[in-house]
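Here is the structure we will look at, set down as structure tokens.
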Amino acid sequence: MTPAELSRTVLRSVRGAVEERELSVPVPARIVVQPPPRPGCGDYASNVALQLAKPAGRPAREVAEILRKRLAGTPGIDRVEIAGPGFLNFTLGDGALVALVRDVLAQGPAYGDRSAGNRPVADLVSADPASVGRVSTGRASAGRPGPGARAAVVGEVLERIGAAAGWAGRADGHPALVPVPDDLATLTARLGTDEARWILLRPAAHDPVRVPERPVQRESNPRFRVQYAHARTRALVRNAADLGFLSEPGGVGAPAAAGSGAEFRPAPASAHALHTLLAGHPSVVEAAARLRAPDRLVRHLEATADAFFRWHDDCPPLPVGEQKPLAVHRARLALAEATGTVLANGLRLLGISAPEHL
């Protein structure tokens, strides 16, 4: 279940409460759900009850309880809890995680890209920055000042993100950026294409660009960490093939104890955290286009890579030692493969390579 799907589910519960006269309020056009501000508060949260309390003339927690009862038992939602003054916290069931992984794998390069149906698959899967559009070097020409390396790269990436989000031609202008003194050719020669583009795209528009002396190929470098996470997902797929098994979405929790009546234990918190980030990818692309802020996509990829490594440590996707591949290994491999898909799709929008090996 993606944030957009959950938002529509909550909206239907509000509409139902109004139609059955449990609430007397105008039905909002949309409802915002987002990851909670701290761990332990479910997968998503919404302040819809607080927004409806005043027009309803009722305490926010009372409104929240009406909605909670309507949402309890909804397929894909494991728990709905009321927190604080009336926030609704949602914990998704493992079935929602499985459905998301299946959806990401089915869409592949098109996940999070509304323009994908209008382009050949070969264009979508290419990870070569040169194949996704050439940008100005940022140098001056014919006596006129160039746009600057940062503006050139940001402008080119925003065109691609805008097309992916369905915003092509709908946003005006580019953000006002703190410039960098070097042109793109100089930065590329010094840092390499991927690192140069990353350091230009990572800061928010009002923040300066910090240019390193040289690229650092270790996990302290966020760009390397994201690319390494992608390469790791591809290595897992290759290693699984060598062991004779493929991915199949399913429960990623450890096998349940004998006699428990369940096949798997519930997915750990790290799996739910990774699920939330994968599900949020299309929304992040849309927000980056709407706000003219490619740095939002950069930060989302960093968070996704970090969540992948935490989950990978909790739930090894490959059998260990003499262990035979089980259904849980196929399911974990599918989640790793879906993570690789999201990382590759995001890197492609940034014009940065998604290496198979690193």
Side-chain angles (χ1 to χ4, degrees), residues 1-6 35 43-44 76 92-114 116 121 124-125 127 164 225-241 243 245-254 264 266-286 297 300-318 325-350 352 354-356 358:
M1 181 176 288
T2 66
E5 291 168 339
L6 181 57
D43 297 313
Y44 296 101
L92 303 184
D94 289 355
L97 191 153
V98 175
L100 173 75
V101 170
R102 187 171 286 114
D103 187 39
V104 173
L105 295 180
Q107 293 191 47
Y111 182 67
D113 189 346
R114 296 184 185 178
V121 172
L124 287 172
V125 300
R225 197 161 63 246
V226 170
Q227 290 182 313
Y228 177 58
H230 176 267
R232 179 59 182 155
T233 67
R234 301 309 303 155
L236 288 169
V237 173
R238 292 192 300 270
N239 293 341
L243 293 173
F245 73 98
L246 301 174
S247 65
E248 176 61 38
V252 299
F264 299 103
S270 58
H272 282 274
L274 181 57
H275 167 277
T276 299
L277 288 161
L278 300 185
H281 174 71
S283 297
V284 170
V285 173
E286 191 277 335
L297 178 56
H300 182 76
L301 294 179
E302 291 179 11
T304 301
D306 291 342
F308 167 73
F309 286 124
R310 286 192 293 270
W311 167 75
H312 180 281
D313 290 343
D314 287 345
C315 302
L318 300 180
L326 304 172
V328 69
H329 296 118
R330 293 192 290 273
R332 291 174 180 176
L333 182 65
L335 180 51
E337 194 172 0
T339 302
T341 296
V342 167
L343 292 173
N345 292 356
L347 287 167
R348 184 184 66 251
L349 291 176
L350 299 176
I352 295 173
E356 293 279 319
L358 199 60

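These numbers come from the heavy atoms of this one structure, side chains and all, not from hydrogens, waters or symmetry mates.
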Donor-acceptor check, side chain of R234 to backbone of A354, threshold 3.5 angstrom: yes or no? no

From the list V104, T233, L236, L105, side-chain contact (heavy atoms from CB on, under 4.5 Å) with E337 holds only for L105

Please report the C-alpha distance between N345 and R348 in whole Å, then the side-chain angles of each, then the deciding distance to 0.1 Å, and finally whether the side-chain contact (heavy atoms from CB on, under 4.5 Å) criterion is met. CA-CA 5 Å; N345 292 356; R348 184 184 66 251; 3.2 Å; yes

What heavy-atom pair brings V328 and G253 nearest, and what distance separates the two atoms? CG2-O, 3.1 Å

Looking at every heavy atom in both D314 and S270, which two are closest together, and how far apart are they? OD2-OG, 2.7 Å

Before giving the answer on side-chain contact (heavy atoms from CB on, under 4.5 Å), spell out for L301 and L347 the whole-Å C-alpha distance, their side-chain angles and the decisive distance to 0.1 Å. CA-CA 8 Å; L301 294 179; L347 287 167; 4.2 Å; yes

How long is the straight-line distance from OG1 of T339 back to NE2 of H312, given to the nearest 0.5 Å? 10.5 Å

Quick one: closest heavy-atom pair of A336 and F308, and the distance? CB-CE1, 4.0 Å

Would you call Q227 and I352 a side-chain contact if the rule is heavy atoms closer than 4.5 Å? yes

Check whether any side-chain N or O of Y228 sits under 3.5 Å from a backbone N or O of A305 as a donor-acceptor pair, and report yes or no. no

Count the heavy atoms belonging to other residues, nucleotides or ligands that lie under 6.0 Å from CG of L243, then report whether that count exceeds 12. yes

Less than 4.5 Å apart, side chain to side chain, heavy atoms only: is that true for W311 and L335? yes

Distance (rounded to the nearest 0.5 Å) between T276 OG1 and L6 CG: 10.0 Å

Let me see the working for R102 and Q107 under side-chain contact (heavy atoms from CB on, under 4.5 Å), right down to the final yes or no. CA-CA 9 Å; R102 187 171 286 114; Q107 293 191 47; over 6 Å; no

Flag the pair H329 / L318 as yes when at least one side-chain heavy-atom distance between them is below 4.5 Å, and no otherwise. no

Taking all heavy atoms of P282 and all of A279, pick out the closest pair and write down the distance. CD-O, 3.4 Å

Verdict with reasoning, L246 to L333, per side-chain contact (heavy atoms from CB on, under 4.5 Å): CA-CA 8 Å; L246 301 174; L333 182 65; 5.5 Å; no

Looking only at heavy atoms, the pair that brings Y44 and P35 closest together is CD2-N, 3.9 Å

Shortest non-hydrogen contact from A164 toward V285: CB-CG1, 4.1 Å

Main-chain N/O of G251 paired with D94 side-chain donor or acceptor, under 3.5 Å: no

Quick check against the 3.5 Å criterion: does H300 have a side-chain atom that pairs as donor or acceptor with the backbone of L277? yes

Closer than 3.5 angstrom, by distance alone: can the side chain of D43 be matched with the main-chain N or O of L92 as a donor-acceptor pair? yes

Enter the distance from Y111:OH to T2:OG1 here, rounded to the nearest 0.5 Å. 6.5 Å

Any T304 side-chain heavy atom under 4.5 Å of L343 side chain: yes

